[in-house]
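Scroll down for the structure; my scribbles are underneath it.
All values below were derived from every heavy atom in this structure, side-chain atoms included, with hydrogens, water molecules and symmetry-related copies excluded.
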Amino acid sequence: MISDLNTTILYKCPICGEMQKYKLNIFSFSGNKAVILSCHCKKSYILITVGKNNKYTLSSPCIACNEFHKFELSAKTFWNGDIICFACPVLETDLFYAGDIVKINEECTEYNDETDLIMNELGYDNLKEENPFVAEIADYLMSLSSKNKIGCNCDCNDIKMQVFYDRIEMLCTDCLTKTVIDASSFDALERIKKYKKIDLKQSKNSL
């Protein structure tokens with residue numbers, strides 16, 4: 001039955017380090033251009049879109065190489081219940097899992113331990129110390145968002161944020177317009193603090 005089509009996403013936020021589980025079913029995509037699975041810290045997300053021929057594209061931030069990776073699956077593969085591991089294509093680091101909740105739970109502890117080890121080896125704490133500006137910029141953007149001062153020219157005010165170590169990307173949940181904000185320097189911090197309101201525009205994808 002179509003109502004039996006469900007899956008669970010297991011994901012570790014590369015910003016706060018918390019494990020997240022998201023339960024999805026076929027109706028999660030009803031009337032939506034995309035499903036966006038945000039971490040509770042609001043600084044990272046997984047994006048799932050459905051394209052032509054019912055192809056599912058899953059996009060995730062990478063804890064290993066500071067990029068967004070995209071993975072394309074058929075509907076049959078996405079909903080078949082078997083566990084799927086999505087890994088960084090460059091460094092083969094596990095990013096997230098999809099599949100049956102029982103199988104996901106079996107992988108949860110090992111996945112958490114492995115990603116903890118990777119994040120420690122990469123020196124995430126040191127990276128934050130080397131670029132403190134990205135945290136300040138993220139906090140400023142979240143402050144603007146809490147005051148409804150961030151929106152899109154499509155009239156949507158639901159904007160998701162993904163924090164990397166040299167930039168911040170903001171995504172409109174309606175039209176999927178994305179804006180990239182430089183967060184690599186003190187100058188970038190001073191520049192973004194001059195903005196009292198931010199409007200995402202399809203023709204302008206960077207600040």
Side-chain angles (χ1 to χ4, degrees), residues 5-25 28-29 34-50 55-135 138-139 142 160-171 178 180 183-184:
L5 294 178
N6 57 76
T7 192
T8 299
I9 304 291
L10 175 65
Y11 167 65
K12 184 166 187 173
C13 174
I15 305 304
C16 71
E18 294 295 320
M19 297 282 288
Q20 307 288 325
K21 291 180 186 177
Y22 309 93
K23 295 181 180 179
L24 298 174
N25 60 46
S28 301
F29 297 86
V35 169
I36 302 174
L37 309 174
S38 294
C39 177
H40 69 86
C41 75
K42 300 181 180 180
K43 294 181 180 178
S44 76
Y45 61 83
I46 288 179
L47 172 67
I48 306 176
T49 58
V50 184
K55 293 287 186 180
Y56 285 72
T57 300
L58 297 86
S59 304
S60 167
C62 182
I63 65 172
C65 65
N66 199 40
E67 294 296 338
F68 240 97
H69 295 309
K70 292 184 178 182
F71 308 89
E72 188 175 90
L73 302 173
S74 67
K76 182 178 179 180
T77 301
F78 184 71
W79 295 113
N80 70 3
D82 289 337
I83 194 164
I84 307 168
C85 176
F86 299 88
C88 170
V90 179
L91 300 176
E92 299 183 354
T93 302
D94 292 351
L95 301 183
F96 64 100
Y97 286 82
D100 176 74
I101 183 62
V102 175
K103 297 177 182 178
I104 286 290
N105 287 335
E106 291 173 354
E107 294 288 340
C108 189
T109 300
E110 183 177 354
Y111 167 63
N112 189 44
D113 291 343
E114 288 179 354
T115 48
D116 271 348
L117 179 62
I118 291 167
M119 293 176 77
N120 289 334
E121 288 178 345
L122 291 174
Y124 264 49
D125 289 338
N126 291 333
L127 286 171
K128 291 177 182 178
E129 291 174 4
E130 290 174 8
N131 182 16
F133 311 110
V134 67
D139 288 343
M142 292 181 72
K160 302 300 182 185
M161 184 164 62
Q162 173 62 56
V163 178
F164 294 93
Y165 285 99
D166 58 351
R167 69 193 186 279
I168 295 171
E169 298 183 359
M170 294 190 297
L171 179 76
K178 181 182 288 186
V180 181
S184 61

Rounded to the nearest 0.5 Å, how far does OG of S44 lie from CZ of F164?
9.0 Å
Counting only heavy atoms from other residues, nucleotides and ligands, does the tally under 6.0 Å from NZ of K42 exceed 12?
no
Here the pair of heavy atoms bringing A183 nearest to F133 is O-CB, 4.1 Å
How close do M142 and C41 get, heavy atom to heavy atom, and via which atoms?
CE-O, 3.7 Å
Does C13 reach the side chain of H40, with side-chain heavy atoms less than 4.5 Å apart?
no
Drop me the distance from L24's CG to Y56's OH, to the nearest 0.5 angstrom.
9.5 Å
State, to 0.1 Å, how close L47 and A34 come at their nearest heavy-atom pair, and which atoms those are.
CD1-CB, 3.7 Å
Rounded to the nearest 0.5 angstrom, the NZ-OG distance for K23 and S28 is 12.0 Å
Straight-line distance of F96 CZ to L10 CG, nearest 0.5 Å
10.5 Å
CD1 of I46 to CD1 of I9: how many Å apart, nearest 0.5 Å?
6.0 Å
Indicate yes or no for a side-chain donor-acceptor contact from Y22 to the backbone of S38 under 3.5 Å, with no hydrogens or angles considered.
yes
Main chain of L95, side chain of Y111: is a donor-acceptor contact present, judged purely on distance under 3.5 Å?
yes
Using the side chain to side chain contact (heavy atoms under 4.5 Å, CB included) rule, take C108 and M19 through it: C-alpha gap first, then chi angles, then the decisive distance, then the call.
CA-CA 9 Å; C108 189; M19 297 282 288; 3.6 Å; yes
Taking NZ in K21 as the centre, count heavy atoms belonging to other residues, nucleotides or ligands within less than 6.0 Å. Is the count above 12?
yes
List the steps, then state whether side chain to side chain contact (heavy atoms under 4.5 Å, CB included) holds for V134 with D166.
CA-CA 7 Å; V134 67; D166 58 351; over 6 Å; no
What I'd like to find out is whether the side chain of H69 reaches to under 4.5 Å of the side chain of S60, using heavy atoms alone.
no
Hey, does the side chain of Q162 reach the backbone of Y45 with a donor-acceptor pair shorter than 3.5 angstrom?
yes
Does the N66 side chain pair with the main chain of Y165, one donor and one acceptor, at a distance under 3.5 Å?
yes
Could you walk me through whether T8 and K103 satisfy the side chain to side chain contact (heavy atoms under 4.5 Å, CB included) test, starting with their C-alpha distance in whole Å, then the side-chain angles of each, then the deciding distance to 0.1 Å, before giving a yes or no?
CA-CA 9 Å; T8 299; K103 297 177 182 178; over 6 Å; no
Derivation and outcome, side chain to side chain contact (heavy atoms under 4.5 Å, CB included), residues L73 and F86
CA-CA 11 Å; L73 302 173; F86 299 88; 3.6 Å; yes
What's the spacing between T57 OG1 and E72 CD if we round to 0.5 Å?
4.5 Å
Within the 4.5 Å heavy-atom criterion, are F71 and I84 side-chain neighbours or not?
no
Do you know the tightest heavy-atom contact between W79 and T7?
CZ3-N, 3.7 Å
L37 side chain reached by Q20 side chain, heavy atoms, under 4.5 Å
no
Find out whether D100 and I83 are in side-chain contact, i.e. whether some heavy atom of one side chain is under 4.5 Å from a heavy atom of the other.
no
Would you call D116-K12 a salt bridge at under 4.0 Å N-O?
yes
Does K43 reach the side chain of D139, with side-chain heavy atoms less than 4.5 Å apart?
yes
